[in-house]
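A note on names: the letters A, B, ... follow the listed sequences, proteins ahead of strands, and every chain is numbered from 1.
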There are 2 protein chains.
Amino acid sequence: MKNTIKINRARLGLTQADLAVKVQVSRQTINAMELGKYAPSTILSLKLSDIFDVPVNELFMLEEGDWQ
Amino acid sequence: MKNTIKINRARLGLTQADLAVKVQVSRQTINAMELGKYAPSTILSLKLSDIFDVPVNELFMLEEGDWQ
DNA sequence: TCATAAAGTAAAAAACATTTTACATTTGAA
DNA sequence: TTCAAATGTAAAATGTTTTTTACTTTATGA
C-alpha cells in the first residue's frame, strides 16, 4: 500500500511529532507509516483524512501485492 | 466509528460470505465489522472501497468517541 | 562548525484485528 | 410450517498494529 502522508504533512508544515499529537498516536507510528512499514487502522486513516482534509483514498492506495 | 457496509453489500446483492471471499477475509470478519465490533485495517477498507466503488470516507465515518 | 530539531531504527510488550471452529438464531421461500 | 440459507455469537489462537524506551543519523540555522 502506498501513501501520501509525507507530502500532506509537509503541505501543512507539520513535523512527524506534531502530526502524532494531532491524531493521537506516537511519533514512531507516524514515522513507520510514512515509510510504509505497516498499514494503519481505518480509524487512524480517517483521522489523517480529517486533519489533512483529503479523502482516505487519496492518502492510501492499494498496490498489486495487496490483493496477493 | 460508523459504517455503511451492510447497505452497500445489500446494494450489490452479496451475502456476508460472498463479500468475505471478494475481499479475502473470513465471514466472521465481515459480520463483526458490519456490527461495529472493531475497526478494520486500512487495506481492508480500501478493498471494500474498490469492490463497492464507494470512497472509504463514505464507508466509514468517525464518531465523537473516536477522538476520545 | 556546533548545537539542536527532526527523522530513522530497533526490540519488547501491549493492544487489537483476524482466523478458525463450532454452534445458535433469524429469515425467507417452498 | 418447515427446511435451508444467512446472520449472529463465542472463545482460543494467531498475526499485526501501536506504544514505549532508547539510541543513531540526518538536516538546518546560528
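- Of the listed nucleotides (C:dT9, D:dT18, C:dC23), C:dT9 has the atom at the smallest distance from the side chain of A:Asn31.
- Residue-level contact check: A:Thr29 touches the bases, meaning some heavy atom is under 4.0 Å from a base atom.
- In this model, a donor atom of one side chain and an acceptor atom of the other lie less than 3.5 Å apart for A:Thr29 and A:Ser26.
- Side-chain N/O atoms of A:Arg9 include none lying less than 4.0 angstrom from OP1 or OP2 on C:dA6.
- As rounded to whole Å, 13 Å separates atom P of D:dG8 from atom CD1 of B:Ile5.
- Residue A:Lys37 places none of its side-chain N or O atoms closer than 4.0 Å to OP1 or OP2 of C:dA7.
- Here the C1' atom of nucleotide C:dT18 and the CG atom of B:Leu48 are 14 Å apart, to the nearest Å.
- Positionally, the nearest nucleotide of DNA chain D for B:Arg27 lies more toward the 5' end than for the other of B:Ile43 and B:Arg27.
- In the hydrophobic clustering of this structure, B:Ile7 does not group with B:Ile51; members are Ile, Leu, Val, Met, Phe, Trp, Tyr whose side-chain heavy atoms approach within less than 4.5 Å, directly or through other members.
- Of the candidates D:dG8, C:dT18, C:dG8, the closest approach to any side-chain atom of A:Glu34 belongs to C:dG8.
- Neither A:Val23 nor A:Tyr38 shares a network with the other; the hydrophobic side chains, linked directly or stepwise wherever heavy atoms of I, L, V, M, F, W or Y lie under 4.5 Å apart, form separate groups for each.
- Contacts of B:Thr15 with the nucleic acid, taken as non-hydrogen atoms under 4.0 Å apart, involve only primed sugar atoms and P, OP1 or OP2.
- Using a 4.0 Å heavy-atom criterion, one finds that B:Ala39 contacts the sugar-phosphate atoms exclusively.
- With hydrophobic clusters built from ILVMFWY side chains whose heavy atoms lie under 4.5 angstrom apart, B:Phe60 shares a cluster with B:Trp67.
- Taking the nucleotide of DNA chain D with the nearest heavy atom to each of A:Met33 and B:Leu14, the more 5' of the two is matched to B:Leu14.
- For the pair A:Leu19 CG and C:dG8 P, the computed distance is 13 Å after rounding to whole Å.
- Summarising the geometry, the separation between OH on A:Tyr38 and P on C:dC16 is reported as 14 Å, rounded to the nearest angstrom.
- Look at CD on A:Gln16: it is 15 Å from P on D:dT26, rounded to the nearest Å.
- Side chain A:Gln28 to base D:dT17: no donor-acceptor pair is found below 3.5 Å.
- Residue B:Ser26 places its side chain closer to C:dT19 than to any other of D:dC23, C:dT19, D:dT19.
- To the nearest angstrom, P of C:dA17 lies 17 Å from NZ of B:Lys47.
- At whole-Å resolution of the value, CG in B:Leu35 and C1' in D:dA10 are 13 Å apart.
- Residue B:Leu48 is not grouped with residue B:Leu35 when hydrophobic side chains (ILVMFWY) are merged at heavy-atom distances under 4.5 angstrom, including chains of intermediate members.
- Phosphate proximity of D:dA6 to B:Lys6: absent, as no side-chain N or O sits under 4.0 Å from OP1 or OP2.
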